[in-house]
Amino acid sequence: MEPESLQNVFDRAFTGISQVRDAFVHQLRPREIGTITSIATGIAKVSGLSGVGFEEVLRFAGDVYGIAFNVDEDEIGVVLLGDYWQLHTGDEVERRGHVMDVPVGNALIGRILNPLGRPLDGKGPVVTSGRLPIERTAPHIMDRAPVTVPLQTGIKVIDALIPIGRGQRELIVGDRQTGKTTIALDTILNQRDQNVLCVYCAIGQRASGVAKVVAALREQGAMDYTIVVVTEGNDPPGLAYIAPYAATSIAEHFMAQGRDVLIVYDDLTHHARAYRELSLLLRRPPGREAFPGDIFYLHARLLERATHLRPELGGGSLTALPIIETEAQDISAYIPTNLISITDGQIYLSPSLFELGVLPAVDVGKSVSRVGGKAQRAAYRAVAGDLKLAYAQFEELETFARFGARLDEDTRKIIEHGRRIRACLKQPEFSPESVAAQIAVLLALTAKLFDPVPIDQMTDAEHALHEAAAHIPAEVCTRFETAETLSDEDRDTIIKIARRSLVRFQAKPGSNPDSKDKPTSDVHAKPKPEPATTPKPKAEAEEKS
């Protein structure tokens, strides 16, 4: 490069620096500084910040943040959102001038974050263009639209008997280790190619449990449309408190863009306990079970943000699946009853069914969906009513039959039919089923095509029916999504396909071919007299000889 051109480069650079220096104006910004007066587990008392408002962010030494929780006349109770072991009495506290917010945007999809928006997956910083406050007003009533589109979980017992609609709040409730998280994960896995974004919020979970969930999502390819917000059990209670609100703000950003979003809160029991811990440490008066009186409002303002927006506002939806843990099957405890009254229905998981190997262990009698039935597909509605009634009759008669009473033929038929319903409603984890496969199985159950199948061959028979369901004509599958009713022609087409796939399981050696369509109880009832009747001719022949 020639010396003249190099000199010109330096001249331009120094000219630009001079212009920036001359344009810079020193600004004096006031900073409001306070002092820590006391420190406890997850909270701090601060004095000297007279202008701080409720839920305003404060910054402590070591880049630790907190939110103002108790705003008293003399001091402020602050919930700490990070490791507070290095904080001491007398340390400075800076007022930040804004409420707690979280980054939002497409850059979060596929990432694992904490409630502050900091990445936990080792993939570098999260770069987003916007932020939203974690506490936001729920959409107004006039901004909401009816729930009309189903959210398919891929689980037969839920899609048929306890349907969920997009924009609904459906509670998953049950004791420990009954499969609550598995149902939520199966629902997330079934949203592949459904244009539904998923947010999984782990609240106070063990690190090993969260790692197992994330590994399952990655293995199944669900992280491509999922955001994971994590607080572990050893995190400060303040992080567990803000976690569901931060996750909801992330989900609301996509809902405002017109997208359908599913959010899972796993679980709100830890959230309530974290809030109780903070409230008691801040000397808020305890109430029932030592929970503060505003615990109902805590969860109500969270779940009210789940809704289906009007088309004028984009038509997006936010479906909430909160999980709650019960103790000794006590669904009448304080927190479960609060959430049952807030949500639009509940899926109850029974430990008794879980111990019997009925998975998912959904208790159909105690589970209900108050909204999703309006959004359920017509093909499901055509079979769900009869199926639920038959299953309820079976459960009542099964309890009665345990006493060893003699049963008439009709009762035996109901029990055998109910056993096959229970066998078909079983489903292994991480294996959601398509709409066509589910409808084929449910119609076959309603038509009692499974009744002649031995109970030990039900799994093989159902697999054969799943393979046959792939041959259902495309126009019929299309009508599953669009038709208002299931026509007789479509029903006959599916039943014919199901009958052909199950015929090899219905045939039994030594049975009468004419009784192919009769229940298993009839098939077993006829051979019983044969050992008693067949020797008679031989005995008579010997006497005559």
Side-chain angles (χ1 to χ4, degrees), residues 145-170 183 186-196 198 259-262 307-308 311 315-321 344-345 347 360 362 364 367-391 421 424-425 427 431-447 449 462 465-466 468-498:
V147 176
T148 56
V149 180
L151 180 85
Q152 294 295 127
T153 65
I155 304 172
K156 294 188 293 289
V157 64
I158 295 178
D159 290 340
L161 305 180
I162 320 159
I164 301 173
R166 297 187 183 183
Q168 184 176 344
R169 302 156 298 179
E170 185 77 5
I183 286 182
D186 283 344
T187 305
I188 292 176
L189 297 181
N190 196 56
Q191 305 314 309
R192 174 183 293 278
D193 301 325
Q194 301 294 322
N195 195 27
V196 176
C198 301
R259 300 190 61 176
D260 294 316
V261 188
L262 168 67
T307 186
H308 178 209
S317 68
L318 177 57
T319 307
L321 292 182
D344 305 314
I347 299 172
V362 177
V364 178
S367 303
V368 65
S369 178
R370 304 184 185 95
V371 177
K374 299 293 183 181
Q376 194 176 30
R377 289 186 170 91
Y380 285 100
R381 288 198 297 269
V383 298
D386 296 338
L387 197 65
K388 195 164 187 176
L389 178 61
Y391 193 66
I421 294 176
C424 282
L425 294 182
Q427 192 170 337
S431 58
E433 297 181 4
S434 64
V435 174
Q438 290 190 44
I439 291 175
V441 172
L442 297 174
L443 273 178
L445 277 174
T446 305
L449 299 183
E462 189 176 354
L465 183 53
H466 287 170
H471 302 291
I472 295 177
E475 59 271 13
V476 176
C477 295
T478 303
R479 285 195 288 271
F480 289 159
E481 309 285 341
T482 59
E484 295 183 359
T485 58
L486 183 65
S487 65
D488 294 337
E489 293 80 6
D490 292 344
R491 179 190 292 266
D492 293 339
T493 301
I494 299 171
I495 289 179
K496 287 178 182 178
I497 294 175

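This is a predicted model, so every value here is computed, not measured.
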Side chain to side chain contact (heavy atoms under 4.5 Å, CB included) assessment of Gln152 paired with Gln194: CA-CA 9 Å; Gln152 294 295 127; Gln194 301 294 322; 5.7 Å; no
Using the side chain to side chain contact (heavy atoms under 4.5 Å, CB included) rule, take Leu425 and Val362 through it: C-alpha gap first, then chi angles, then the decisive distance, then the call. CA-CA 9 Å; Leu425 294 182; Val362 177; over 6 Å; no
Lys156/Glu462 under salt bridge (charged side-chain N to carboxylate O under 4.0 Å, His left out): CA gap, chis, key distance, verdict: CA-CA 12 Å; Lys156 294 188 293 289; Glu462 189 176 354; 3.0 Å; yes
Stepwise side chain to side chain contact (heavy atoms under 4.5 Å, CB included) check, Leu262 with Ile188: CA-CA 8 Å; Leu262 168 67; Ile188 292 176; 4.1 Å; yes
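Between Ala437 and Ala469, the closest heavy-atom pair is CA-CB, 3.9 Å. Of all heavy-atom pairs between Gly165 and Ala375, the closest is CA-CB, 4.2 Å. When all heavy atoms are compared, the tightest approach of Asp260 to Gly316 is OD1-C, 4.2 Å. Here the closest non-hydrogen pair linking Ser317 and His308 is CB-CD2, 4.0 Å.
Annotation: side chain of Ile158 is not in contact with side chain of Thr187 (no heavy-atom distance under 4.5 Å). Here the side chains of Lys496 and Thr493 are not in contact, with every heavy-atom distance at 4.5 Å or above. No side-chain heavy atom of Glu170 sits less than 4.5 Å from a side-chain heavy atom of Leu151. Counting only heavy atoms from C-beta outward, the side chains of Ile164 and Ile347 approach each other to under 4.5 Å. Side chains of Arg166 and Val196 form a contact here, defined as non-hydrogen atoms less than 4.5 Å apart. Contact annotation: the side chain of Phe480 approaches that of Leu486 to within less than 4.5 Å [non-hydrogen atoms, C-beta and beyond]. Using a 4.5 Å heavy-atom threshold, the side chains of Tyr391 and Leu445 count as separate.
Atoms CD1 and CG, on Ile155 and Leu161 in that order, are 12.0 Å from each other to the nearest 0.5 Å. With values rounded to the nearest 0.5 angstrom, Cys477 atom SG is found 9.5 Å from Asp490 atom CG. Interatomic distance, Glu433 CD to Asp186 CG, rounded to the nearest 0.5 Å: 10.5 Å. Residue Thr446 holds its OG1 atom at 6.0 Å from CG of Asp386, rounded to the nearest 0.5 Å.
When only modelled atom types and interatomic distance are considered, Ser369 and Gln168 share a side-chain donor-acceptor pair under 3.5 Å. Remark: the Asn190 side chain and the Thr153 side chain contain no N/O donor-acceptor pair separated by less than 3.5 Å.
Thr319 contributes a side-chain N or O that, together with a main-chain N or O of Gly167, makes up a donor-acceptor pair within less than 3.5 Å. Gln427 contributes a side-chain N or O that, together with a main-chain N or O of Gly154, makes up a donor-acceptor pair within less than 3.5 Å. Judged by distance alone, the side chain of Thr482 and the main-chain N or O of Thr478 form a donor-acceptor pair under 3.5 Å. No donor-acceptor pair under 3.5 Å is formed between the side chain of Gln376 and the backbone N or O of Pro150.
The residue from Val441, Ile495, Leu465 that alone fulfils the side chain to side chain contact (heavy atoms under 4.5 Å, CB included) condition with Leu449 is Ile495. Exactly one of Lys374, Arg169, Arg370 qualifies for a salt bridge (charged side-chain N to carboxylate O under 4.0 Å, His left out) with Asp344. That residue is Arg169.
Every residue was checked against the side-chain hydrogen bond (donor to acceptor under 3.5 Å, both in side chains) condition with Gln191, not counting sequence neighbours, and none meets it.
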